[in-house]
Number of protein chains: 2
Amino acid sequence: MKIGILGYGNLGRGVEKAVNANADMELVAVFTRRDPAGVAIASKGVAVRHVDDLQSMQGEIDVLIICGGSATDLPEMTPKYAADYNVIDSFDTHANIPVHFENVDKAAKAAGKIGIISCGWDPGMFSVNRLYATSILPDGEAYTFWGRGVSQGHSDAIRRIEGVADARQYTVPVPEAVERVRAGENPALTTREKHTRECFVVAKEGADKAKIEEAIKTMPNYFADYDTTVTFISREEMDRDHAGLPHGGSVIYSGSTGDKKHVIEYSLKLDSNPEFTGAVLAAYARAAYRMNKEGASGAKTVFDIAPAYLTSLSGDEIRAHFL
Amino acid sequence: MKIGILGYGNLGRGVEKAVNANADMELVAVFTRRDPAGVAIASKGVAVRHVDDLQSMQGEIDVLIICGGSATDLPEMTPKYAADYNVIDSFDTHANIPVHFENVDKAAKAAGKIGIISCGWDPGMFSVNRLYATSILPDGEAYTFWGRGVSQGHSDAIRRIEGVADARQYTVPVPEAVERVRAGENPALTTREKHTRECFVVAKEGADKAKIEEAIKTMPNYFADYDTTVTFISREEMDRDHAGLPHGGSVIYSGSTGDKKHVIEYSLKLDSNPEFTGAVLAAYARAAYRMNKEGASGAKTVFDIAPAYLTSLSGDEIRAHFL
């Protein structure tokens, strides 16, 4: 299976590592909007090419994994490349999923290609677990907790504040809330009751720390609705203690069959968010390739894909070893 | 969707409750090998019929849910009824799954029907979670822990010992083993290190308790390889404290992307094993019906079924609410 990667940020590097770890996949090229000469990749002997080369590589790539941002990149890129390639993305702007699905579906169907959208762990593995649980126990409720882990969006939001040199934001589930859900209480929880936000900030020399802290804690959408702590640290402490991008969380579904309660929990503890997301994308890229070979086309999500399509093992093998 | 249930033990009753909880399903009849006049079911206005009536009800039932035992019932029943109906079972004799799959596949394909085998939570939801995890992280290992919960097979084994009036056996995961796996240690664990077995026994009057305890603890396959505790209790204590059939457990997958570790955990805490298993069977019965309407036939397992088939909600709805 010949794979192309479009975009070489944290996620692109995670996908690259995953593709190289799967014996049935071959990385053909990494595509970039930058000058390819200035982009060094981890894979030896693999070409870095300009994104414009995708205009004429249809015969050389089975699946193109698109590693762009959800705000502006993916809404434009995924439908565009679905007209020429089987594609997959990790689009996560929830409110815009219906429009994105529609656009990718139109392009992919016209081309006879598959376009998997919104793949990763949330949306992605968390989504399938929410769906499995509610399908089994229609009388129940799903709770999603994120963390402890680095939110890149929230870290970026802090970095944009005047006087901030660098920042790292951890999203942390409130242990009491998790325990109440796990106990089957089905509590009604406010935003503040579910998660806290821990911010580690390197201030620029001479910056007004009190003002920075105030700006973070009152920032609408990002922090105002949460109990937020701000800790100022040195550049050295940031580099030493906060270099990784760990993440995780859990989907806890609390449901019942009449008077009997049942709790289903799916949880992830990830050393590297982009590497795990990249691994999920690689597995679903395999599904895109195989389903397309069978004649399927159009936009798909994790809901539409049978688990057997994700593995390189045969039906006999998975029934023998995993059933 | 018109549902028939074959067999009315604990599982049959669990399926009945689940079917009645799903608005898009209608229970047509419960089928039994006993005299139907002697079988009272929970559903009002639903017929109890003799199993022989299935010879001529092809037009009245969309999916037949077969609630028999794996030892002798299902190997015979599921292929037999797959020749006339979409069927689903919870066959769990692991070593015989390939043969069972083959037999059901042949019958179902010839009839243009779907036959889902080995459905429930293990095999079933645990299986899909093992497969998802290994597909995402090929470099890793799956650990399955069962319990704390009642094993009906082990309880039955104790009941067959001379002098035993009643028994209940709980399978219990060893907390230290679970913690080591959760911590990503990938330990090699013996049978004894993974689970302990707690037995509660009502002895017949005058029975030799020491002899019963010895017979339990040395029973090959069932108990000899485990640390087993035996507690003698009264009939009243049995009825008061051990009437339920709770179960659960977890699949913990510990894998890596190079130097980064990731732990995926799926766990169940079930007040009633047969009611939860019944709920899983009902959801997959929906999938059997829908896939067959689309033209699919043959034997299937949970691996072959996309999550979207399990729910009565539309694609638009699940993308809006669960993705």
Side-chain angles (χ1 to χ4, degrees), chain A residues 14 17-18 21-22 94 97-98 101 118 123 125 127-132 134-139 142 182 184 256-272 275-276 278-280 282-283 286 301-308 310-312 315-316 318-320 322-323, chain B residues 14 17-18 21-22 94 97-98 101 118 123 125 127-132 134-139 142 182 184 256-272 275-276 278-280 282-283 286 301-308 310-312 315-316 318-320 322-323:
Chain A
K17 207 166 170 181
N22 280 294
H94 199 270
I97 284 175
F101 184 88
S118 302
M125 297 315 298
S127 316
V128 289
N129 276 282
R130 286 186 285 257
L131 183 60
Y132 275 121
T134 196
S135 301
I136 296 167
L137 301 174
D139 181 13
R182 241 178 226 152
S256 64
T257 50
D259 58 329
K260 300 285 194 291
K261 290 208 159 208
H262 312 285
V263 178
I264 305 171
E265 179 166 353
Y266 178 81
S267 70
L268 296 173
K269 217 178 74 194
L270 312 174
D271 270 2
S272 165
E275 289 192 14
F276 186 80
V280 177
R286 180 182 287 120
T301 72
V302 290
F303 299 148
D304 307 308
I305 296 166
L310 304 177
T311 177
S312 59
D316 285 344
I318 61 179
R319 284 189 294 274
F322 299 99
L323 195 59
Chain B
K17 207 166 169 182
N22 279 296
H94 198 269
I97 285 176
F101 185 88
S118 302
M125 297 315 298
S127 317
V128 289
N129 275 282
R130 286 186 285 258
L131 182 60
Y132 274 122
T134 196
S135 301
I136 296 167
L137 300 175
D139 181 13
R182 239 177 228 152
S256 64
T257 50
D259 58 329
K260 299 284 195 291
K261 291 209 158 210
H262 312 286
V263 178
I264 305 171
E265 179 166 353
Y266 178 81
S267 69
L268 296 173
K269 218 177 74 194
L270 312 174
D271 270 2
S272 165
E275 290 193 13
F276 187 79
V280 177
R286 181 182 287 121
T301 72
V302 290
F303 299 148
D304 307 307
I305 295 165
L310 303 177
T311 176
S312 59
D316 284 345
I318 61 179
R319 284 190 293 276
F322 299 99
L323 196 59

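Please read these numbers as outputs of a predicted model, since none were measured by experiment. Letters go in sequence order (proteins before strands), and every chain restarts at 1.
Comparing A/Leu131, A/Val302, A/Asp304, A/Asp316 by heavy-atom pairs within less than 4.5 Å of chain B, the highest count is held by A/Leu131. Between chain B and the residues A/Ala282, A/Ala283, A/Ala308, A/Gly315, the most heavy-atom pairs under 4.5 angstrom are made by A/Ala308. Listed options A/Leu270, A/Asn129, A/Asp139 were ranked by heavy-atom pairs under 4.5 angstrom with chain B; first place goes to A/Leu270. Of all the listed residues (B/Asn22, B/Leu268, B/Val263, B/Thr311), the one sharing the greatest number of non-hydrogen pairs under 4.5 Å with chain A is B/Val263.
If you measure heavy-atom distances from A/Thr134 to chain B, the contacts under 4.5 Å come from the side chain alone. In this structure, the portions of A/Leu310 lying under 4.5 Å from any heavy atom of chain B include both its backbone and its side chain. Proximity to chain B (any heavy atom under 4.5 Å) is shown, for A/Pro98, by neither the backbone nor the side chain.
Using bins of under 30°, 30° to 60° and over 60° for the plane-to-plane angle, the ring pair B/Phe276/A/His262 lands in the tilted bin.
Taken from CG in B/Leu323 to OG1 in A/Thr301, the straight-line distance is 5.5 Å, to the nearest 0.5 Å. If you take OH on A/Tyr132 and CE on B/Met125, they are separated by 5.5 Å, rounding to the nearest 0.5 Å. Distance check: B/Ser135 OG to A/Arg286 CZ gives 7.0 Å after rounding to the nearest 0.5 Å.
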### Query
Step by step, would you call A/Phe322 with B/Val128 a side-chain contact (heavy atoms from CB on, under 4.5 Å)?
CA-CA 8 Å; A/Phe322 299 99; B/Val128 289; over 6 Å; no

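Nearest approach of B/Ala320 to A/His94, heavy atoms of both residues: O-CE1, 3.0 Å. Shortest non-hydrogen contact noted between A/Phe303 and B/Ile318 is CE1-O, 3.4 Å.
At least one donor-acceptor pair closer than 3.5 Å links the side chain of A/Lys269 to the backbone N or O of B/Arg182.
Every residue two or more places apart in sequence or in another chain that forms a side-chain contact (heavy atoms from CB on, under 4.5 Å) with A/Ala142 is listed here: A/Arg130, A/Tyr253. Taking A/Lys17 as the reference, A/Glu275, B/Asp259 meet the salt bridge (Lys or Arg N to Asp or Glu O under 4.0 Å) condition, with sequence neighbours excluded.
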